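To keep things clear, I will list the structure first and then write my remarks on it.
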Amino acid sequence: MERAMERHGEPIDGSAGRAAVAPSRRASPSPRFAMRSLLVACVASALIGFGLSTTALADGLDDVRARGVLRWGADEEGGGPYVYADPNDRSRRIGFEVELADLIASRLGVRAEFRQGQWDKLPDLVQRGDIDIVLNGYEWTPAWAERFGTSIPYYVYELQLLARSGDGTLSDWSDLKAPSERGKRRIAVLGGSAAQAYLEQNHADSVELVLFDGVTDAMRAVELNADGIDATLQDLPIAVFFADGFPGLARVGDPVGRGFYTILVKKSDRRLLAAINDAILAALRDGSLRAVLSNYGLWNETQRMRGLEMDADGGFQPGTVRADGAAEVREYEPLRGWRVLSDRGPLLIRAAGITVLLSCLAMPLAVLIGLTMALTRLFGPKWPGRVAALYVEVVRGTPLVLQLYVIFFLLPEMGISINALWAAVIGLAVNYSAYEAEIYRAGMLAIPKGQMEAALALGMPRWLALRRVIVPQATRIVIPPVTNDFIALFKDTAVCSVITVVELSKEYYIHARSTGSVLELGVLTALLYLAMSYPLAMLTGWLERRLRRERTL
Amino acid sequence: MIRIRELKKRYAGHDVLRGITLGVAPGEVSVLLGPSGGGKSTLLRAINGLDTFDEGVIEVGDLRLTPEPTAERAATLLRIRRRVGMVFQQFNLFPHRTVLQNIIEAPVHVLRKPVDEAVAEARRLLDRVGMLAKSDAMPMNLSGGQQQRVAIARALAMNPEVMLFDEPTSALDPRTTAEVIGVIADLASAGQTMIVVTHAMGFARNVAHQVHIMHEGRIAESGPPARIFESPETTVTRDFLREALP
């Protein structure tokens, strides 16, 4: 009973047999909180305005020098060879970008300080001023150059196709054109990466892309043939670094899609950008950059060819080096306003369909499993009851992300093949079933003991009494909290992007990043979520009113 | 009809039943009287298995119930419950179903009677307890006396050989008590075998064939009401009657 309360903040009344509709902790912030945020925002913008008027020519470089620290942002989750924990000393971070950051910082006369950030949110952190630079394998694209200061490249990357070493059907790029027996080839790529852009540009007709958030996830998926994934296109440094870690993978064909790793700084920090460019150039001339890259097996002939031209803002402009990658050749047009809505809106609406599909498949399953667990716990034999209790505690005590991971990656390892959508449905259903079990348990405890006794006295076997008398009454009690959880589940589907299911939130990130239209698409996405959850809220209200009438008619 | 021998029950370190032996003949109305906590309700609930017991035997017709928790006991209980109806102090109607649905629930789902047959029988029973007009009402919207009359009809719908009444009027006010007592008395005069736990002394005196005075888990005295009320033989009975009768 207590545990059910813990989640919903308020107890479900156990004695009177009434439904206590408790608010979920996922409820939206109170109006008072919103007012306070607004106030804070007003004060903050006033302060910023004041700051701008007094230091109009401020540049990030001055702040870095004054601080004596260059805050560089990267995502350690991306791992080697970029930034990762030293295998010999876990408290230390190593990687070619760590050494490069130290190199650049020392040229600026300051100390480099690592700041952890989620990879796809790093540019936002620069924009917000949490970090000075992004130094984490960001590929130069016109889109980035539009919104950020982009340094001259510190590494010229290429893309390497990796497949299972035993897979004779896929040993060269030309094999991608030939479909496997299951249809189009499924290729894993990092969402929003140059590899994704390259394949969309050059192989859109013959391959189907599966988007991952982590490079090792993508490689593991290939090795396990999870979800029918045959190959992955990775940045060459990753292919080199993980060659030993994924012995089941083999390089296929020559590297393709040349591009550039660039450092991102705030657009207005021109002097900081110039100083970083100077530092990279100097490191290139005196061989220290070569030394850093060589430490990780990354130096190759390609690195000798450098693009040295800069645009008017001091940003890198690829000109002298012919890049044959997709992202560079493609014309970049920033999309804003109504155009982005008509261009990307349909994609968001389609992704909202995936969100609805996930929720509508997962929730009934969750309720069914939850009800079974609650019945086992309350009315079942001793040991199954304990197992059910343990199930609830384990599932409720572990994060959804972890559960999705286990289902998506562990089941194929045990020889059970499962596609991403079903893995997501099962993950969500399992996760929510623990909560539904507790809601149902509380609901059934709220039913007076006399109901079961009356049913038994009429000669009903226990299961019939549960089916005809107890569960129908408990269902009436739990409808409001269960609907509440349904709304929460709608939003939790966003987590499924870690196992490559592109639902509404992920689709939003993808297009917000590629068009720079954070606001317009953000509003549309929010409206779509509202359009999905509002009818449910109405339904809850209607059910509550109906049930109240039933009781007092 | 019902034979109980040497029934004993301990609960929470307390002897609730200390060896009860009791018989109820077909068509007999037995009333259990006595101060609260004497074990009357426990005895009644042991007969249809809502409470367990530790020693002794209960026989309902040819069915024999012993304390050992075996699969056979569970099967026997199901058969006993189909022959023995029960009416509770708190009525315990199913609040999510109408009056009529409450009554046909068990005949349809336990006895597998066709629905129209069950409905016809239910309407006859509702008429008998004076509740036909409320067939489609929800239990929550009925008075206590009305609910109890529906509960009696619900138990009768299983065509039980014996009816158990567990303080059927204790949750009612005096006026509705009379309604319900009237219904039970009608049943008694129609020859329904029943065991009634009650504090309604008038009912015991006027309707019962046998009265049993229970005290501290034992039957202190048994006999026809005229003898028990006019010339009680034990001090327990005398004390109880002095307290209970105005």
Side-chain angles (χ1 to χ4, degrees), chain A residues 12-21 371 378-385 440 443-480 482 543-553, chain B residues 41 44-45 47-51 69 74-98 101-112 136-142 147 150-151 153-160 162-166 171:
Chain A
I12 291 175
D13 191 324
S15 53
R18 280 181 290 107
V21 185
L371 175 59
L378 286 177
F379 302 104
K382 188 170 156 195
W383 279 105
Y440 250 113
M444 287 190 284
L445 284 172
I447 294 171
K449 227 177 82 195
Q451 289 293 310
M452 178 55 106
E453 290 185 348
L456 292 178
L458 284 168
M460 292 192 191
R462 194 165 271 263
W463 64 267
L464 186 65
L466 289 173
R467 186 164 70 79
R468 296 289 307 174
V469 177
I470 304 300
V471 172
Q473 291 187 56
T475 301
R476 281 163 169 75
I477 294 177
V478 303
I479 278 173
V482 166
L543 281 169
E544 276 175 48
R545 280 194 301 278
R546 216 193 77 141
L547 288 175
R548 211 173 7 236
R549 229 184 9 247
E550 193 173 291
R551 273 158 216 287
T552 56
L553 203 72
Chain B
S41 284
L44 203 64
R45 291 162 56 88
I47 294 171
N48 69 349
L50 293 183
D51 274 347
T76 306
L77 258 184
L78 270 183
R79 293 165 67 192
I80 289 180
R81 284 168 178 167
R82 285 173 199 189
R83 293 194 195 176
V84 176
M86 188 165 199
V87 173
F88 300 86
Q89 181 180 347
Q90 294 297 336
F91 332 130
N92 296 348
L93 292 179
F94 305 134
H96 58 304
R97 304 202 192 280
T98 64
Q101 287 169 338
N102 260 276
I103 294 172
I104 65 170
E105 180 69 29
V108 169
H109 289 97
V110 177
L111 302 181
R112 309 241 162 245
D136 296 320
M138 298 304 281
M140 288 287 179
N141 305 316
L142 301 179
Q147 289 193 49
V150 173
R154 180 174 68 173
L156 290 174
M158 292 294 281
N159 201 14
V162 181
M163 284 282 282
L164 308 176
F165 291 89
D166 189 5

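Here is the naming used below: chain letters follow the sequence lines, and residue numbers restart at 1 for every chain. The structure presented is a predicted model; accordingly, all values stated were derived computationally and were not measured.
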Residues two or more places apart in sequence or in another chain: which of them pass salt bridge (charged side-chain N to carboxylate O under 4.0 Å, His left out) with B:R83?
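With sequence neighbours excluded, B:R83 shows a salt bridge (charged side-chain N to carboxylate O under 4.0 Å, His left out) to B:D62, B:E161, given in chain and number order.
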Any side-chain heavy atom of A:L458 within less than 4.5 Å of one from B:E105?
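Contact flag for A:L458/B:E105 side chains = no.
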Can you tell if the side chain of A:P472 reaches within under 4.5 Å of the side chain of B:R97, non-hydrogen atoms only?
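The answer is yes, as the side chains (C-beta and beyond) meet within the 4.5 Å cut-off.
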Of the backbone (N, CA, C, O) and the side chain (C-beta and beyond), which part of [X] lies under 4.5 Å from a heavy atom of chain A, both, or neither?
X	value
B:V87	neither
B:F88	side chain
B:I80	neither
B:R79	neither

Return the CZ to NE2 distance between A:R467 and B:H109, rounded to the nearest 0.5 Å.
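So the gap between those two atoms works out to 6.0 Å.
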Output the distance between atom CG (B:L78) and atom CZ (A:R462), rounded to the nearest 0.5 Å.
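Here the rounded value is 11.0 Å.
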Can you list everything that forms a side chain to side chain donor-acceptor pair (under 3.5 Å) with B:N102? Sequence neighbours excluded, please.
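Partners of B:N102 under the side chain to side chain donor-acceptor pair (under 3.5 Å) test: B:R154.
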Are the side chain of B:N48 and the backbone N or O of A:A457 linked by a donor-acceptor pair below 3.5 Å?
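Checking the backbone N and O of A:A457 against the side chain of B:N48, no donor-acceptor pair under 3.5 Å is found.
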What heavy-atom pair brings A:Q451 and B:L93 nearest, and what distance separates the two atoms?
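Smallest interatomic distance, heavy atoms only, reads NE2-O, 2.8 Å.
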Residue, of B:R45, B:Q89, B:R82, that accumulates the most heavy atom pairs under 4.5 Å with chain A:
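Maximum pair count with chain A is reached by B:R45.
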Go through the atoms of A:L456 and report whether side chain, backbone, both or neither lie under 4.5 Å from a heavy atom of chain B.
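When you check distances to chain B, atoms from both the backbone and side chain of A:L456 fall under 4.5 Å.
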